[in-house]
Structures are given as C-alpha cells and as structure tokens.
Amino acid sequence: MLKITKFGGSSVANATQFKKVKGIVESDPSRQYVVVSAPGKRTASDNKITDLLYLLDAHRQYHVDASNVTKIIRDRFLSIKNELGLKQNLEKDLDEFFANLAKMNQAEIVSRGEYFCAKLMAEYLGYAFVDAADVIRFRMDKTIDWDATTKKVQAKCAKYDHFVFPGFYGSNANGQIQTFPRGGGDISGAILARCINADIYENWTDVSGFLMADPRIVKNPEQITHITYSELRELSYMGASVLHEDAIFPAKEKNIPIHILNTNRPQDKGTIIQESIEGEQPYAITGIAGKRGFTSILVYKKHMSNEVGYIRKVLSIVEDYNVPIEHIPSSIDSFSIVVADSDVEDILYEMVARIKNEIKPDYVKTKSGLALISTVGRNMSAKPGTSGKLFGALGSNHINISMIAQGSDEMNITVGVKEEDFNKTVQVIYDTFVTKEKK
Ligand code: ASP
C-alpha cells in the first residue's frame, strides 16, 4: 500500500500537534512519505507562519526594520524544537535566513515556513528530509513540468524508504523557488501522489472531512462520507473550503482516492473523494455551497433569437475587459451574464456603455448583490422531480429566485438569490433534502 500523507498548518502548529502527527504516522507503516504545511494558527487569534513570512517580505521591500516579525517567527520554530528536544542547529539556519533576506525573492521567503517545519518533522520522525526545490519542477510559464517532476519524485522514493517533504513550493529551471497559490500544500501532496501512483492520498486537517452545508448556517449538518471528484470540484468552487480545489486534478488523473482526516480526532471516518461511488446514497443530494458577491448583466433585444452572433458580440466586449463569466442563463430575447462583483468593480459602467453603443440592445439592466447557491448531487439526474422540489421549497418560503443554471451533466442546480436571502436559501434546501428525509 503506497500512501502520501499530508498534514496541514493546524496539524503542525506546535509541539503538541507534532506529537499527534507522530502518533498517526507511526500507527500505519504505509505512511512512509509525509508532506507538511508551515505551522498554522494555534488559537483563533494567532498568526500563521506563512502570513508572518509575507509580512517579513513586505518589511524587506519597504526597508522597514523587521526585528519584531523575525522574533515571532524564530520563537515559534524554536519552541517546537526545544519542546520536542530536537538537536538540529535550527538557530544557525534561521540566523542565516534572516541575514540573507535581501538576496531572496518573495517566493523563497514565504516558502521557508514549510522548509523549516519539514526539517523539524523529519528529525522528529527519524525520516529523511527531501527539499521540494529539488523535486517539484515548474516550467517558465509556471505550470508543472510533469516529466521532470515524476522522475525526481520516483528517484527520491527509490533512495529513501521514508521522507518528509515541505509542501507549497518547488523550483523552476533556473533554480528559483516558486510557490503554489495560498493553501497549496494540498497541491504538493496531490502531485507526489500522482507521481508515485499512490493507492491513497491522505490529507490531515482540523475538521473530520466535508459537511453537507456550512455549519455557520446550518446547525450540525450531516457529514459527507463519500463524494466524487466532480461533486467536490463544484462544492469547492462554490465556497466549501477544506481542500485546495487544484489538489483534485492530479489525484483524479490517476484515480487516486483522497481521504480527508482530522489530526485532532483520528478515529473519525472523514471524507473519501474518488471517481465513482458504488451503492445507495443516503440523500438525493451530496451537499450545498454558495458564494455572495455577484452581479448580473441582463441584455434584452427583441427577436434576438433570429440574430446570428448576437451573444458572441456581447461576450467579446466582456472578454476585452478580461472578466471571467460565471453563468450565462438565457431566454428567447434576452440573456444574462453573471460575473463576480470584484471582477467588474471599476469597469462595470464603462463595459455596459460599450455594450449599449456597439451592440444596440433594447435595454441592459444590471443587478448586483446577488448570491449563487449550488445544490450538488451525483444522483440528482436519476431522480425526476429534484429541481421541482427545490424550486417549490424556495417558493413556499418566499425566496425569489433571480437566476437558475443547471449543468448539462445534471449534477448541480445553481440558483441566484438576493444576498440577504443567502442563509435562508441554504437552510431551506438543507431542510428539504436532508432534515425532512432523515430516516
Ligand atoms: N503555508 C501555505 C499557506 O498558508 C500553504 C499551505 O498551508 O498549504 O498558504
């Protein structure tokens, strides 16, 4: 059994968490290859090491004295070292790092959180340390060079039976450090899993997997025990955040199940993410997720359906402004373009003016303050009446739906509602498909 075992920031936040990690790793001999994030928050008001490193970089850029920040970073790492009685000369490594800041770029600075954490973890577990800069290779266009990376990962696995690997970064062909987006330690783990064709990618965090809805909205939502990659992609994109959404692709390509587990409650079952799931699903839906902050731009023109290329012309104007489009619900004489508020903040009026001048619709109406809520379920397509049930429930709860989009694979129904109806909508959908269906 080949496993990649990845621990997130909260799982390595202090010496107590390191001890839990050791217990987990040692309880299963197949946990040979361990990936770590940088130490995260120990309490809600604490700082993540990576955030402090970004702050350190800002001090460097603006030539501000950074001794306060370096002291906090130093103390965090040294307290882990000292509490665990580790012997490596971390003091010297940290001194060298702080002395050389001027020569480093931002990526190198912020990657040191994972680097020092992995060095400590390697000594603590008695495993080798493998530097991600020697293994994960980025092309100059910032994409992964899969051939080079796969060869390097496999060579390290052939050399070492056990190692600890820092997440979040790699290097390019010039030897410069490059990082993944924030939270990207999950991507590093998925890359390693793909390169060795692992049987499973374990991702240890501080929650016992995915819940069917956001617990800040729905009280005690049910746990999702099994979910497909595609369902998870929809839910993550719409705001369910446990795993970085880009970590799904490398695992999916090789059909490697991802198991989300809780370092603080290792006995919990967690959530397994895989290509397909056999057997009955407990509910008609798998989960609900949503985001606030969208604007819809409605374009109306009589007999639009007879005019070839009309939608394309409007879209090409939107494209000129480099605005990503979320949805394009359409009817016979009109269609809407749904975009994130943050993408059109400064250009909405100019863009609408161009649509009016160049395309000459009868009218254009913009509406902001929209929330999008997706109800996701792999078995929805097989169950007639699911959408009717959803719309009916929202209607009888006086929630006005301003947009509906259903993916062609019928795995997802997205509704647009006013932002102030966001929580109520999630609750009503949950009650309709879960609370009322509970056996
Ligand atoms: N340490 C990085 C971050 O805070 C990456 C990670 O934790 O996965 O974004």
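Counting starts at 1 for both ligands and their atoms, following the listed order.
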Checking a contact table here: which protein heavy atom is nearest atom 6 (C) of ligand 1, and how many Å away?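 Checked against all protein heavy atoms, atom 6 (C) of ligand 1 sits closest to Ser37 OG, 3.5 Å.
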
Counting non-hydrogen protein atoms only, what is the nearest one to atom 8 (O) of ligand 1? Give residue, atom name and distance.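 Checked against all protein heavy atoms, atom 8 (O) of ligand 1 sits closest to Gly185 N, 2.8 Å.
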
Qualifying residue, where the test is side-chain hydrogen bond (donor to acceptor under 3.5 Å, both in side chains) with Asn203 and the options are Thr5, Asp186, Thr271: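 When side-chain hydrogen bond (donor to acceptor under 3.5 Å, both in side chains) is applied between Asn203 and each of Thr5, Asp186, Thr271, only Asp186 qualifies.
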
Would you say Asn264 and Gln17 are linked by a side-chain donor-acceptor pair, where the criterion is simply a distance under 3.5 Å?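 Short answer, yes.
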
So Asp147 and Lys151, salt bridge (Lys or Arg N to Asp or Glu O under 4.0 Å) or not? Walk me through it. CA-CA 6 Å; Asp147 285 343; Lys151 279 197 195 107; 5.9 Å; no

One residue to check: Glu114. Relative to ligand 1, which of side chain, backbone, both or neither has a non-hydrogen atom less than 4.0 Å away?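 The answer is the side chain.
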
Is Asp268 close to Gln223 at the side-chain level, that is, under 4.5 Å between some pair of heavy atoms?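 No, every pair of side-chain atoms sits at 4.5 Å or beyond.
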
Answer with yes or no whether Gly113 contacts ligand 1, where contact means a heavy atom under 4.0 Å from a ligand atom.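 Gly113: no contact with ligand 1 (<4.0 Å).
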
Does Gly167 have a heavy atom less than 4.0 Å from any atom of ligand 1?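 No, Gly167 has no heavy atom closer than 4.0 Å to ligand 1.
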
As an exercise, identify every atom of ligand 1 less than 4.0 angstrom from a heavy atom of Arg182.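 Those qualifying, in numeric order: 3 (C), 4 (O), 9 (O).
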
Restricting to non-hydrogen atoms, name the atom on Phe168 and the atom on Ser188 that form the minimum distance, rounded to 0.1 Å.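 Scanning both residues, the minimum pair turns out to be N-OG, 2.7 Å.
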
Decide whether an N or O pair under 3.5 Å exists between Asp186 and ligand 1.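 No, Asp186 has no N/O under 3.5 Å of an N/O on ligand 1.
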
Please indicate whether any nitrogen or oxygen in Phe168 is less than 3.5 Å from any nitrogen or oxygen in ligand 1.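 So ligand 1 has no N or O lying under 3.5 Å from an N or O of Phe168.
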
Looking at Phe129, Tyr127, Tyr33, which hits ring pair (Phe, Tyr, Trp, His ring centres under 6.0 Å) with Phe163?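 When Phe129, Tyr127, Tyr33 are each tested with Phe163, the ring pair (Phe, Tyr, Trp, His ring centres under 6.0 Å) holds only for Tyr33.
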
